[in-house]
2 protein chains.
Amino acid sequence: MEPIDVFKALSNETRLNILRWLKEPEKHFPKQGAHLPKEVSYKGGVCVGDIQEKAKVSQSTVSSYLNMMQKAGLLESVRHGQWTYYRRNDLFIEQLAEYLKTDI
Amino acid sequence: MEPIDVFKALSNETRLNILRWLKEPEKHFPKQGAHLPKEVSYKGGVCVGDIQEKAKVSQSTVSSYLNMMQKAGLLESVRHGQWTYYRRNDLFIEQLAEYLKTDI
DNA sequence: TTGACATATCGGAAAATCTCGATATATAAT
DNA sequence: ATTATATATCGAGATTTTCCGATATGTCAA
């Protein structure tokens with residue numbers, strides 16, 4: 001874990017909101033998953049376009065935000081066809097809270 | 001708590017180190033406390049000058065870093081005479097870890 | 001294979017942050 | 001009062017971050 005990169009990724013309201021939204025994807029992205037084939041169902045993953053619409057920033061901005069959060073460890077992604085689905089890395093976030101308590 | 005301000009304060013190696021050093025002040029600031037009168041002994045507080053020497057940044061930089069971390073909630077300070085002593089706000093850091101688990 | 005759509009990457013202008021030296025303020029000692 | 005010391009504040013140049021539009025890449029459908 002690179003704590004500086006993680007804290008930088010968390011230092012932005014939009015990115016923080018994305019993390020929060022992805023905690024309850026069904027609630028915040030009701031129409032998501034339309035394109036996701038059942039057999040590869042990606043639990044809780046939301047595609048970039050849906051996140052962009054909700055976040056109200058440009059397509060390039062949301063793409064780089066998501067990439068940044070993934071590199072930091074906060075998110076995971078899979079691609080299915082032309083869609084990329086992002087979801088939280090809950091284990092990592094747990095570890096981050098633990099890291100705060102012990103290493104900071 | 002303003003999470004953005006807290007994460008910004010944590011997004012810098014020197015500031016992160018200051019927090020870590022203040023976890024074991026006796027260890028990292030062996031000669032600290034020289035000016036602190038016994039009757040107002042400030043458990044674990046370290047003066048700005050000692051922190052600056054260890055952090056190897058300018059006096060103004062360390063002063064604004066400490067101020068920023070205090071505003072964010074990570075540190076507390078008391079002034080005794082011409083010295084300002086800073087120490088960790090451990091309760092706040094605990095709450096931050098909790099906040100991460102529940103709100104992020 | 002062409003066209004349409006989703007996402008990623010690039011290049012850059014504006015804003016924010018970093019970090020310093022200079023200076024101001026507060027307190028203590030003479 | 002004056003001087004010395006500790007810390008805070010100010011102003012600014014360098015660097016980084018923000019966020020966009022334009023463009024490239026990848027994938028699917030016709």
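Protein chains get the first letters and strands the later ones, always in sequence-line order, with residue 1 at the start of each.
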* Structure fact -> B:Thr14 and B:Ala55 have their tightest heavy-atom pair at CG2-CB, 4.0 Å

* Structure fact -> A:Tyr65 has its side chain closest, among D:dA6, D:dT17, D:dC19, to D:dC19

* **C:dA8 base / A:Gln59 side chain donor-acceptor hit below 3.5 Å** => yes

* Quick one: is A:Arg15 getting a side-chain N or O under 4.0 Å of the D:dT18 phosphate, OP1 or OP2? -> yes

* Tell me which of B:Gly49 and A:Ser11 sits closer to the 5' end of DNA chain D, going by the nucleotide each one is nearest to. => B:Gly49

* Over how many whole Å does the gap from B:Arg79 atom CZ to D:dA8 atom P extend? -> 6 Å

* When only distance counts, do a donor and an acceptor, one from the side chain of A:Ser58 and one from the base of D:dG21, lie under 3.5 Å apart? -> no

* To do: Send over the distance from A:Lys71 NZ to D:dT17 P, rounded to a whole Å.
  => 13 Å

* Atom CD1 of B:Ile4 and atom C1' of D:dT17: how far apart are they, to the nearest Å? -> 14 Å

* Can you tell me how far P of C:dT7 sits from CD of A:Glu53, to the nearest Å? -> 12 Å

* Rounded to whole angstrom units, what separation is found between the CG atom of B:Leu75 and the P atom of D:dA8? -> 12 Å

* Asked: A:Ser63 side chain: which of C:dC18, C:dA8, C:dA22 is closest?
  -> C:dA8

* Examine D:dT7: is either OP1 or OP2 under 4.0 Å from a nitrogen or oxygen in the side chain of B:Asn67? Give yes or no. => no

* **Among C:dC18, D:dC20, D:dT17, the nucleotide that comes nearest once only the side chain of A:Lys8 is considered** => D:dT17

* Asked: Under 3.5 Å, is there a donor-acceptor pair between the side chain of B:Ser63 and the main chain of B:Gln59?
  -> no

* Given atom CD of A:Glu13 and atom C1' of D:dC19, what is their separation to the nearest angstrom? -> 16 Å

* How far does NZ of B:Lys56 sit from CD1 of B:Ile51, to the nearest 0.5 angstrom? -> 14.0 Å

* To do: Report yes if at least one side-chain N or O of A:Thr61 is closer than 4.0 Å to OP1 or OP2 of D:dC19; otherwise report no.
  => no

* Counting side-chain heavy atoms from CB outward, which of C:dA22, C:dA8, C:dC5 is closest to A:Gln82? -> C:dC5

* To do: Using whole Å, report how far CZ of A:Phe7 lies from C1' of C:dT17.
  => 18 Å

* Let me know the distance between CG of B:Leu10 and C1' of C:dT17, rounded to the nearest Å. => 15 Å

* Asked: What does A:Thr84 touch in the nucleic acid at a heavy-atom separation under 4.0 angstrom: a base, only the sugar-phosphate, or nothing?
  -> sugar-phosphate

* Do you see a donor-acceptor pair shorter than 3.5 Å between the side chains of A:Ser77 and A:Thr84? -> no

* Would A:Arg20 and A:Glu13 pass as an ion pair if we require N to O under 4.0 Å? -> yes

